[in-house]
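In what follows, a single structure is set out as structure tokens and then discussed.
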Amino acid sequence: MSIFTVPEELNGQRADSGLSKISGMSRAKLAEAIEAGQVVISGKPAIKSQKLVEGQLVEINISEPTPIKLTPVSDSRLRVIYEDEAIVVIDKPAGVVSHPTVGFVGPSVPEILLGLGIELSTSGASERQGVVQRLDVGTSGLMTLAKNEKSYSVLKQMFRDREVNKIYHAIVQGHLDPSSGTIDSPIGRSAKHEYKFRVAANGKPSVTHYDTLEVFAGATLVSVGLETGRTHQIRVHFDAFRHPLVGDDLYGANPKIAAKLGLSRQWLHAVGLSFRHPMSGNLVSFESEYPEDLESSLEILRTGGISFD
């Protein structure tokens, strides 16, 4: 249990935001603790949106979470692109989460790999072992995982040092001006929805580069490169640019367009991945083709099969 008083500099701030700063916990984890009744302010259960007052007594009592048990899962949609003693590179389908998460019902990458006889033996929580990068559940494409402690440590540092080249293709609504450019806007968590993010002055530095590949009536296919890897970065940046990803209802897309294209998720695919192998140091590169749902919707756009009115 942690017990402390609210300092002067946090006076007037929201409980979830202010307490995350002084406790060292992420705002998301702090918010979960508040909802679970594990945070008490001045003898009463805390509310996320309540304003902190200097001198209030705060008690945080968070029990260790019960580890998520990995269960082997069979899912033929996930393809192993490459595997050796140190790493495994996969082509993740949409609808599969990067690692098991409380509240998510569905298959995860580690569980599917376990079903294929591939074990990820690294430190940390069992459900996150080997996961050095994540893709949103609705995003498909290339993803690499570590199979041992050394490769995990090296790959994590490579991602932190921005030494991993990740290329995504996306279809956004409208036509971009300029057709190629950089979106350099910090990203922070939404004040209204814990599961959303937004461009925010006090957010973390976030840089997205894009180039137009193909232009359609009312939409544009772009290639996207990331300098940073914030949660929902591509989706948030293009929404802020007023060109949300087609099919991305969470970030401002027109649902009628997705319906016409037969899409049930955002049009976003990790097509390219290259980095130096964590053991040999040799450059390795991988590519992925569009899955059927994205390819089908792309063909509809190319043939002018829908109206954007």
Side-chain angles (χ1 to χ4, degrees), residues 26 28 68 70 75 77-84 86-101 104 106-114 116 118-170 187 197 204-209 223-237 245 265-266 268-279 281-288 291:
S26 69
I68 297 176
L70 295 183
D75 192 324
R77 297 175 302 157
L78 184 147
R79 294 191 304 117
V80 174
I81 303 297
Y82 174 84
E83 181 191 4
D84 60 23
I87 65 172
V88 56
V89 179
I90 65 165
D91 200 336
K92 185 188 85 68
V96 172
V97 71
S98 293
H99 57 72
T101 303
F104 178 81
S108 72
V109 169
E111 290 174 313
I112 296 174
L113 290 179
L114 193 58
L116 294 172
I118 301 174
E119 294 190 39
L120 308 171
S121 300
T122 62
S123 62
S126 61
E127 67 272 15
R128 297 191 182 217
Q129 286 191 3
V131 179
V132 295
Q133 66 166 132
R134 291 179 292 175
L135 294 178
D136 296 342
V137 65
T139 300
S140 53
L142 295 170
M143 180 176 167
T144 187
L145 300 100
K147 293 180 64 179
N148 58 48
E149 193 64 46
K150 182 176 180 179
S151 59
Y152 179 83
S153 177
V154 172
L155 282 170
K156 288 291 285 187
Q157 191 60 49
M158 289 170 65
F159 274 97
R160 283 192 289 267
D161 293 340
R162 304 176 185 179
E163 296 176 350
V164 178
N165 186 34
K166 300 169 288 183
I167 301 297
Y168 298 78
H169 284 183
I187 291 176
F197 293 80
K204 295 181 180 179
S206 308
V207 181
T208 301
H209 305 288
S223 176
V224 181
L226 301 179
E227 281 194 26
T228 52
R230 309 302 176 204
T231 303
H232 298 180
Q233 179 172 323
I234 296 174
R235 302 164 66 188
V236 171
H237 270 173
L245 273 59
R265 48 109 168 194
Q266 66 267 15
L268 180 61
H269 186 68
V271 298
L273 183 65
S274 61
F275 53 91
R276 297 216 169 263
H277 192 282
M279 306 300 283
N282 295 329
L283 181 66
V284 291
S285 299
F286 306 95
E287 295 182 350
S288 170

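These values consider heavy atoms only, across backbone and side chains, with no hydrogens, waters or symmetry-generated copies. Quick caveat: nothing in here was measured; it's all calculated off a predicted structure.
Under the 3.5 Å distance criterion, the side-chain polar atoms of Q133 are matched with a main-chain donor or acceptor of T144. The closest donor-acceptor contact from the side chain of D136 to the backbone of T139 lies at 3.5 Å or more, if one exists at all. The closest donor-acceptor contact from the side chain of R134 to the backbone of V97 lies at 3.5 Å or more, if one exists at all. The closest donor-acceptor contact from the side chain of K166 to the backbone of L142 lies at 3.5 Å or more, if one exists at all. The main-chain N or O of A94 is never found under 3.5 Å from a side-chain atom of S140 such that the two would form a donor-acceptor pair.
E83 approaches K147 most closely through the heavy-atom pair OE2-NZ, 2.8 Å. Minimum heavy-atom separation, G141 to L135: O-CD1, 3.7 Å. Between G225 and I167, the shortest heavy-atom contact is CA-CD1, 4.4 Å. Across all their heavy atoms, G106 and E111 have their closest contact at O-OE1, 4.3 Å. Closest approach of L226 to I234, counting heavy atoms only: CD2-CG1, 3.6 Å. Nearest approach of S98 to K92, heavy atoms of both residues: OG-CD, 4.5 Å.
Taking CG of D91 as the reference point, atom CG of L78 lies at 7.5 Å (rounded to 0.5 Å). We find the CD-CZ distance between E227 and R162 to be 5.5 Å, quoted to the nearest 0.5 Å. Between the CG atom of L273 and the OG atom of S288 there is a distance of 10.5 Å, given to the nearest 0.5 Å. The OG atom of S274 sits 4.0 Å away from the CG atom of N165 when rounded to the nearest 0.5 Å.
Atom CD of Q157 sits in a crowded spot, with more than 12 heavy atoms from other residues, nucleotides or ligands closer than 6.0 Å. Within a 6.0 Å sphere centred on CD of E287, other residues, nucleotides and ligands contribute 12 heavy atoms or fewer.
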request  = I would like to know whether L113 and V88 meet side-chain contact (heavy atoms from CB on, under 4.5 Å); could you show each step before the answer?
outcome  = CA-CA 9 Å; L113 290 179; V88 56; 4.1 Å; yes

message = Run K156 and V132 through side-chain contact (heavy atoms from CB on, under 4.5 Å) and show every step you take.
response = CA-CA 6 Å; K156 288 291 285 187; V132 295; 3.8 Å; yes

message = Between K150 and M279, is the side-chain contact (heavy atoms from CB on, under 4.5 Å) condition met? List the steps.
response = CA-CA 8 Å; K150 182 176 180 179; M279 306 300 283; 3.9 Å; yes

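Inter-residue side-chain proximity for I187 and H237 is flagged as met; some heavy-atom pair is nearer than 4.5 Å. Side chains of R230 and P205 form a contact here, defined as non-hydrogen atoms less than 4.5 Å apart. A heavy-atom distance below 4.5 Å is not found between the side chains of V284 and R276. Counting only heavy atoms from C-beta outward, the side chains of P100 and P110 approach each other to under 4.5 Å. Looking only at side-chain heavy atoms (C-beta outward), V109 and H99 stay at 4.5 Å or farther from each other. Using a 4.5 Å heavy-atom cutoff, the side chains of T231 and V236 are not in contact. Counting heavy atoms from C-beta on, the side chains of V80 and L116 come closer than 4.5 Å.
Aromatic ring pairs are classed by plane angle as parallel below 30°, tilted from 30° to 60° and perpendicular above 60°; the pair Y82 and H277 is perpendicular. F286 and F275 have tilted rings, their planes meeting at an angle from 30° to 60° on a 0 to 90° scale.
Partners of P107 by side chain to side chain contact (heavy atoms under 4.5 Å, CB included), not counting sequence neighbours, listed by chain and number: V73, D75, R77, V96, I112.
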